[in-house]
Chemist: 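Following this message is one structure expressed as structure tokens.
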Amino acid sequence: MVEVLMELSMRDAPYEAEAAKRVAMVSDTLRAQVEGRHVMISGAQDEAEARHCWRVWLLNERLVAEASADRQAVLALLVA
């Protein structure tokens with residue numbers, strides 16, 4: 001298991017807290033902790049897995065947040 005510290009972009013700032021919560025909801029082994037402009041992913045098999053999972057969770061949160069109101073509920077169910 002590895003720990004990976006990644007820098008967060010300004011574009012992702014509105015979504016990082018929800019993405020970190022989603023990690024705990026969907027994974028028994030992975031953890032994400034946002035610390036200032038960084039996120040620490042722990043419990044991954046390797047760095048590639050940590051980076052991939054974080055990008056997927058972040059993208060999911062952006063998709064839901066940026067969707068039109070009538071699509072938000074459907075997207076929220078799909079990414080849950």
Side-chain angles (χ1 to χ4, degrees):
M1 300 292 174
V2 299
E3 289 187 340
V4 178
L5 183 66
M6 294 181 280
E7 188 171 350
L8 297 167
S9 71
M10 293 304 290
R11 182 183 78 181
D12 296 329
Y15 316 110
E16 61 200 26
E18 288 301 316
K21 288 180 200 173
R22 177 97 41 213
V23 173
M25 291 171 37
V26 300
S27 177
D28 294 332
T29 58
L30 294 175
R31 297 288 173 253
Q33 183 175 0
V34 176
E35 302 169 352
R37 298 300 326 139
H38 294 86
V39 63
M40 174 69 75
I41 303 291
S42 58
Q45 294 296 322
D46 55 32
E47 184 174 343
E49 179 190 23
R51 290 183 181 283
H52 171 75
C53 289
W54 179 249
R55 284 191 299 264
V56 168
W57 291 312
L58 211 46
L59 176 60
N60 287 345
E61 292 306 320
R62 269 200 314 259
L63 285 172
V64 171
E66 295 173 358
S68 62
D70 58 329
R71 292 183 179 175
Q72 281 184 342
V74 172
L75 284 172
L77 290 172
L78 292 174
V79 299

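The chain is numbered in sequence order, starting from 1.
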Chemist: Does Arg31 pair with Glu3 as a salt bridge, N-O distance under 4.0 Å?
Modeler: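 Answer for the salt bridge query: no.
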
Chemist: Using every non-hydrogen atom in the two residues, find where Val39 and Ala32 come nearest and quote the distance to one decimal.
Modeler: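 Here Val39 and Ala32 meet closest at CG2-CB, 4.1 Å.
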
Chemist: Can you tell me if CE on Met1 sees more than 12 non-hydrogen neighbours from other groups inside 6.0 Å?
Modeler: yes

Chemist: If every non-hydrogen atom of Ala50 is compared with every non-hydrogen atom of Val4, which pair is closest and at what distance?
Modeler: CB-CG2, 3.8 Å

Chemist: Check Ile41 against Met6 and note the closest heavy-atom contact, atom names and distance.
Modeler: CG1-CE, 3.3 Å

Chemist: Heavy-atom count around His52 NE2 within 6.0 Å, excluding the residue itself: above 12?
Modeler: no

Chemist: Of all heavy-atom pairs between Pro14 and Arg11, which one has the smallest distance, and what is that distance?
Modeler: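 For Pro14 and Arg11, the tightest heavy-atom pair comes out as CD-O, 3.5 Å.
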
Chemist: Taking everything shown except Arg37 itself, do over 12 heavy atoms lie less than 6.0 Å from its CZ?
Modeler: yes

Chemist: Within a 6.0 Å radius of atom CG on Asp28, are there more than 12 heavy atoms belonging to other residues, nucleotides or ligands?
Modeler: no

Chemist: Any side-chain heavy atom of Asp12 within less than 4.5 Å of one from Trp54?
Modeler: no

Chemist: For residues Asp46 and Val2, report the shortest heavy-atom separation together with the two atoms involved.
Modeler: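 Looking at all heavy atoms of both residues, the closest pair is C-CG2, 3.5 Å.
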
Chemist: State, yes or no, whether a side-chain contact exists between Arg71 and Val74 at a heavy-atom distance under 4.5 Å.
Modeler: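 No - every pair of side-chain heavy atoms lies 4.5 Å or more apart.
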
